[in-house]
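For reference, the structure discussed in these notes is given below.
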Amino acid sequence: MAVSKTHPAEAMIEACQLGLTLFGENRVQEFAQKSSTLAADQQAAMRVHLIGHLQSNKAARAVELFDGIDSLDSLPLAQRLDSAAQLSSKKMPVLLEIKLSDEPAKTGLVPSSPALDELLERLPDLVHLRVEGLMTIAPFGVSDATTRACFRALRVLRDQLAAAHSQLDLRQLSMGMSGDFALAIAEGSTRIRVGTALFGARPLSPS
Ligand SMILES: *Cc1c(COP(=O)(O)O)cnc(C)c1O
């Protein structure tokens, strides 16, 4: 996945011409603007997923704009996405974002938490969503060994959840960014999310 957040639509078009077709964006509003500048054939050549935290009140807009939501982190959000997908006659691919480190600023579902268990139990009833796997962001500023252990933990969790919820298809493991994608691939990543290494450094934004 080419992470095009903060970069202009022209960068997406150029990457697409070079054969990259899956993009990651982290803000609904930012991609809404970019998307409005893309021609229909350019849009048709790309699939764009949301990889940043989504507020429930933007769920409907996100369903219109994106081809997948890779940052699903609560049951209320899943319910909003499911209703919006039903209205748009879409079957929305989603990944569950898992929080494997206790950095306070980070969002995501905690393994073995009641919130994750409840979401997994209810997902089969949300028939307008199609869960495809798990996503995580490794902690910042830790050793390669710690990063790798985090990716391994996501794979082990996926295997456990797949065994416990056989009606869900959890094949995707979205893990690894510019600084750590080789470690993530070694631990079984199926979808690395690379921004800086493709597009260069991002301008500092007041987020
Ligand atoms: C920005 C971002 C990336 C890409 O990070 P790089 O280090 O620039 O490759 C990947 N995943 C998520 C969730 C991001 O927000």
Side-chain angles (χ1 to χ4, degrees), residues 1-12 14-16 18-35 46-55 58-59 62 65-74 77-78 81 92-111 131-144 146-148 150-155 157-158 172-207:
M1 168 183 282
V3 177
S4 46
K5 67 185 187 196
T6 78
H7 297 286
E10 291 70 40
M12 301 176 79
E14 205 179 328
C16 197
L18 294 170
L20 288 162
T21 56
L22 178 60
F23 293 87
E25 287 279 331
N26 71 335
R27 285 167 193 268
V28 173
Q29 194 52 42
E30 181 188 332
F31 182 62
Q33 274 161 15
K34 282 187 214 178
S35 155
M46 299 174 182
R47 281 177 304 136
V48 185
H49 287 204
L50 183 70
I51 59 172
H53 179 65
L54 177 60
Q55 291 168 320
K58 294 185 183 157
L65 278 171
F66 293 103
D67 303 300
I69 306 293
D70 292 5
S71 50
L72 176 57
D73 61 2
S74 76
L77 178 59
L81 289 170
M92 201 64 190
V94 296
L95 301 182
L96 306 185
E97 182 174 355
I98 305 292
K99 175 175 158 150
L100 292 166
S101 63
D102 42 41
E103 292 163 285
K106 201 177 263 185
T107 55
L109 293 147
V110 176
V131 61
E132 297 191 326
L134 307 181
M135 182 275 240
T136 201
I137 304 174
F140 291 104
V142 299
S143 68
D144 281 5
T146 303
T147 302
R148 191 161 173 167
C150 167
F151 293 145
R152 188 175 316 140
L154 192 73
R155 174 163 50 86
L157 177 68
R158 189 274 309 273
Q172 299 288 347
L173 284 176
S174 172
M175 56 189 196
M177 315 191 343
S178 292
D180 56 22
F181 63 80
L183 299 171
I185 291 169
E187 291 297 343
S189 177
T190 62
R191 184 184 295 167
I192 58 171
R193 307 181 305 268
V194 179
T196 308
L198 284 169
F199 297 110
R202 286 181 289 276
L204 290 174
S205 69
S207 55

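As the structure lists them, so they are numbered: ligands from 1, and atoms in each ligand from 1.
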Do the charged groups of Arg191 and Asp70 touch, with an N to O distance under 4.0 Å?
-> yes
Distance-only donor-acceptor check, side chains Gln172 and Ser174, under 3.5 Å | no
Shortest non-hydrogen separation from Glu30 to His7 and the atoms involved = OE2-N, 4.3 Å
CG on Leu154 to CG on Leu100, rounded to 0.5 Å = 5.5 Å
CD of Glu14: more than 12 outside heavy atoms within 6.0 angstrom?
-> no
What does the N/O contact table under 3.5 Å look like for ligand 1?
| residue | atom | partner | partner atom | Å |
| --- | --- | --- | --- | --- |
| ligand 1 | 8 (O) | Thr196 | N | 2.8 |
| ligand 1 | 8 (O) | Thr196 | OG1 | 2.5 |
| ligand 1 | 8 (O) | Arg202 | NH1 | 2.7 |
| ligand 1 | 8 (O) | Arg202 | NH2 | 3.2 |
| ligand 1 | 9 (O) | Ser178 | N | 2.9 |
| ligand 1 | 9 (O) | Ser178 | OG | 2.5 |
| ligand 1 | 9 (O) | Gly195 | N | 2.8 |
| ligand 1 | 11 (N) | Arg193 | NE | 2.8 |
| ligand 1 | 15 (O) | Lys5 | NZ | 2.6 |

Say you draw a straight line from OG1 of Thr107 to CD of Glu97; how long is it, rounded to the nearest 0.5 Å?
-> 4.0 Å
